Number of protein chains: 2
Amino acid sequence: MTPPALSQDSRTRLIDSAILHFAAKGFDGTGIREIAKSANTNSAMVAYHFCGKEGLYSEALKALFSRKVSPVSQLASLPAPGAPGARQAALQGLQDYIRAFLTELMTCDGQDPVDEAAMILMAREMQAPRPASSALLIEHLRPYVTHLTSCLQVLRPDLKEDQLFAMGVSIQGLMIHFRNSLGILRLLRGNPAYPEDLANVIQHHIDFSLRGLGVPEAFPSPRN
Amino acid sequence: MTPPALSQDSRTRLIDSAILHFAAKGFDGTGIREIAKSANTNSAMVAYHFCGKEGLYSEALKALFSRKVSPVSQLASLPAPGAPGARQAALQGLQDYIRAFLTELMTCDGQDPVDEAAMILMAREMQAPRPASSALLIEHLRPYVTHLTSCLQVLRPDLKEDQLFAMGVSIQGLMIHFRNSLGILRLLRGNPAYPEDLANVIQHHIDFSLRGLGVPEAFPSPRN
DNA sequence: AGTCGCATTAATCACTCGATTGATTTATTC
DNA sequence: GAATAAATCAATCGAGTGATTAATGCGACT
């Protein structure tokens, strides 16, 4: 079926090594010799397999993305906007989304170095996309945006499309910024183990997001 | 008074040039010859004034920060937590803070290249602080945190310190992430002039933040 | 005039960069 | 088992890196 071996060997070893090194020291801060050495091969293989350093970087990003589609694809799709249980489903879907996304963001903190590198690379790329791979990035992001927007649409049918988009950006931003600024937050708190408890973090983000979105269910005492 | 000229000339020219180049291509992607050339001077001046490239980078960051203290210092300080108008003042103070911070984040988008570079550099530094200058960074951030926390404390006296901190991080994160991901957002929307209207953006962030924080004043219909 | 000190310069140092080459090893096919 | 192709390697290329040096320009003070 699939072209089985065909020297996928040194190629994937190079990609894995590249992910780690690029994440740790950036594109310009990393030499191809360094990458090749960690991959137990020669720097010439970078040109052989990827047509140079830039090609290796793109390929590394692509490999990263193809391993990281989990949180959205696992979530159940929503019933039609008009259906009876739609609102409740959307509410639950949004909470699941936040939990899944945040869990994925955080569980790779310090445990699996490749997962951790993936987040760093993705964050860097989101903030300053390397032109050669920006198309790759937005293609990878689109399903997230779609899923999130479809939830919000059900929960706030009164909002226009611009406003829904802004809501989605904000909810997404809460989580991404939290993850990105973990280093600074720990410095600011003087506590290297800052988040302490992931469950609290998730609950905070769900509460803040739902209230921020303006769904009545999230208000502290709607009937008093 | 101040030691007037004394060759502040090439020194400041180097710093300004460094801000631009470091922001555009990163620390590793920028050569000192390149910086010096733009500053109409010689690369040897980097060693002469700043003891090398790393020193120039730190000095550039420091210069950046000293020009960027405006939004917090302009804001009025709050009355004591127990005082009569304290709650109203804190509410107003938080809104002013969001407006000031967001305005500063956005007005430098594409207009003054140095201001724009400042944001990029600061974002990069916040996400992956260069060890030599991380102390500089958190020192610059602390007054923001302090001001924000003092507002939140009045508005949500029921929360513990951890929770207040999380609220502050979230409100801050809304704005920072929005600014950082402007490039991607424009790509996602296919609209290079995405935000269109700054006033709307500010209003959205104020609304989302106040609701997210959970202040009753921000709920859509508290008495119905 | 002399000279001291700071600022500036061109030239150079040792080194690393990404890319390429040509030879060599390994796998595949007839 | 010879022939062909794919994969890998050590060695090298020119360009560019940050840092250093020695020489020079220039104003102030004596």
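Letters A, B, ... mirror the listed sequences (proteins, then strands); counts begin at 1. Hydrogens, waters and symmetry mates play no part in the numbers below; they use all other heavy atoms, side chains included. Quantities reported herein were computed from a predicted structural model and do not represent experimental measurements.
The CG-P distance, from A:Asn42 to C:dT25, rounds to 15 Å in whole Å. Distance A:Met45 CE to C:dT24 C1': 13 Å, rounded to the nearest Å. Atom CG in B:Asn40 sits roughly 19 Å away from atom P in C:dA7 (whole-Å rounding). For B:Phe50 and D:dG18, the CZ to P distance is 15 Å, given to the nearest whole Å. D:dA22 atom C1' lies 15 Å from atom OH of B:Tyr48, rounded to whole Å.
With rounding to the nearest 0.5 angstrom, the CG atom of B:Leu64 is 13.0 Å from the NZ atom of B:Lys62. Atoms CG and CG, on B:Asn200 and A:Asp162 in that order, are 8.5 Å from each other to the nearest 0.5 Å.
Judged by distance alone, with hydrogens and angles left aside, A:Asp9 brings no side-chain donor or acceptor close enough to the base of D:dA7 to form a pair under 3.5 Å.
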Could I get a table of every N or O pair under 3.5 Å where one atom is in the protein and the other is in nucleotides 16-19 of chain C?
{"from": "C:dC17", "atom 1": "N4", "to": "A:Arg33", "atom 2": "NH2", "distance (Å)": "3.4"}
{"from": "C:dG18", "atom 1": "OP1", "to": "A:Thr30", "atom 2": "O", "distance (Å)": "3.0"}
{"from": "C:dG18", "atom 1": "OP1", "to": "A:Lys53", "atom 2": "NZ", "distance (Å)": "2.5"}
{"from": "C:dG18", "atom 1": "OP2", "to": "A:Ile32", "atom 2": "N", "distance (Å)": "2.8"}
{"from": "C:dG18", "atom 1": "N7", "to": "A:Arg33", "atom 2": "NH2", "distance (Å)": "2.7"}
{"from": "C:dG18", "atom 1": "O6", "to": "A:Arg33", "atom 2": "NH2", "distance (Å)": "2.4"}
{"from": "C:dA19", "atom 1": "OP2", "to": "A:Lys53", "atom 2": "N", "distance (Å)": "2.9"}

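For the pair B:Ser10 and C:dT8, the criterion of a side-chain N or O lying under 4.0 Å from OP1 or OP2 is met. When the side-chain nitrogen and oxygen atoms of B:His49 are compared with OP1 and OP2 of C:dA7, none of them lie within a distance under 4.0 Å.
No side-chain heavy atom of B:Phe65 sits less than 4.5 Å from a side-chain heavy atom of B:Glu139.
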(request) Would you please test B:Arg67 and B:Asp16 for salt bridge (Lys or Arg N to Asp or Glu O under 4.0 Å) and show each step? (result) CA-CA 12 Å; B:Arg67 301 178 195 169; B:Asp16 287 341; 2.9 Å; yes
(request) Give the C-alpha distance, both sets of side-chain angles, the deciding distance and a yes or no for salt bridge (Lys or Arg N to Asp or Glu O under 4.0 Å) between A:Arg99 and A:Glu104. (result) CA-CA 8 Å; A:Arg99 179 174 293 107; A:Glu104 167 141 309; over 6 Å; no
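Between A:Tyr194 and A:Phe178, the two ring planes are tilted [angle within 30° to 60°].
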